[in-house]
Amino acid sequence: MTGPASLPAQPPGPAGPPPVTHAEPAMGTVFSFAVVTGAAPESAVRAAIAGACDVLHRCDALFSTWDEASPVSRFRRGEATVSQMPPEFHEVLEECRAARRASGGWFDPWAMPGGFDPTGLVKGWATERALALLRDAGVPGALINGGGDVAAFGSPAGAQRWRVGIRHPWRADALAGIVETDAAVATSGCYERGAHLIDPRTGQPASRAASATVTGPSLALADALATGVAVGGDEALPAVAGLAGYAAYLIRPDGTETDTGIEFAR
Amino acid sequence: MKRAAWYLIAGTVAGFAGVLGLHGRAAPPVLVAGPKSTGGGASPAATPGAGGGARASGPVQPTGPARQVNGVVEQYGYGELSVTVTVRGSQITNVSVPLLRTAEPYSQQLAVQVLPMLKSEVLRAGSARIYAVTGATYTSQAYADSIQSALDKLHIK
């Protein structure tokens, strides 16, 4: 492990002001924003962030499986049919079908106890929807960290891409690696909230990873794939390796590691 | 900026407790080491001025006067720990542990081995121009002690 002394000195360059940041509690976690203002006035950036937060809260209200009155909870109990569900639900349904296919079945919202449960995909999907509002605001770059799942576009001032640390599964203040992204990075594991992952093949709690990280263009899919790799471990990796633009990094329960060609930054 | 340092202190203490949690529970703490035994920045990673800016747009060299933020003494289950963070501008230039009381010599040995690693990693996280930390979904409560929380404070305009 090399310390900061070995990090390359940052080249002097046209470094702009630091990004505008914001932290928003939603979906039982915290969403962190970093928005590069560019030529946009800060008031416009703040307004876009507020709009993005509205999106997150709406997604939370629609898809919370904790809230018994939410549309998804009513659907799970059979009190609402698909045709009675809001348009966002249909979008998520379609994303879930695609993710189940892409993961080789290791991510399967239809195999969860208690009925259809899109939780493993919804947070990433909602984060992307929120990010779209920032893109529409015309800023040159933005990043949202949805409680550990990251969606971004553009780059911070003076850099090519956003640098994202991957938390070490056993040490909250240590990083297992750093990746650079202008799209999506998702990580799944049981070290924060206990054994919540379900093996779709048995319906029982199962985890074959200490930490599973997936990078790629879409955070909705990366989030679902990370869940799938956390459940399936090595067996789930070929599915990710076969997807153009996606890569996985697995830390096994015994601490050993493997990946499908993920690019680590230094 | 002062608040950022405090968040990093919390993160350090939490990580430290996690590492020491690998061995069995201990008797009530007794003083084993004096306040200066683990401080002083002996680790290469703790060299003041090392590393890049805490953010991409930050300066290469630390600017402004160095300020030290002394952490409160934390009870972490196997002893007591206090952390001092030195900040120049928005950059953390050193992390030291001025106080470490552990319950037994084994805890002390372990702490001495582990602290430099933790220090280097806290510094690395604070100065490697990281904008976000990906990981298993944390609760709102766990967020408060996370590196991400510290980054959110550091980058505030």
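Order of the sequence lines sets the chain letters (A, B, ...), proteins ahead of strands, with each chain counted from 1.
Your options are A:S32, A:C190, A:S188, and the one with the most heavy-atom pairs under 4.5 Å with chain B is A:S32.
Test A:V150, A:L131, A:I49 against A:I144 for side-chain contact (heavy atoms from CB on, under 4.5 Å) and you get one pass: A:L131.
Interface residue B:A132: backbone and side-chain heavy atoms are both found under 4.5 Å from chain A. Contact annotation for A:L143: only side-chain heavy atoms (C-beta onward) come within less than 4.5 Å of a heavy atom of chain B. For A:A226, no part sits under 4.5 Å from any heavy atom of chain B, backbone or side chain.
The cationic atom of A:R163 (NZ for Lys, CZ for Arg) does not lie both less than 6.0 Å from the six-membered ring centre of B:Y131 and within 45° of the ring axis.
For the residue pair B:T137 / A:T29, no side-chain donor-acceptor distance below 3.5 Å is found, with atom types taken as modelled.
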Criterion salt bridge (Lys or Arg N to Asp or Glu O under 4.0 Å) on A:K123 and A:D149, from CA distance to verdict: CA-CA 8 Å; A:K123 186 156 59 67; A:D149 296 322; 2.7 Å; yes
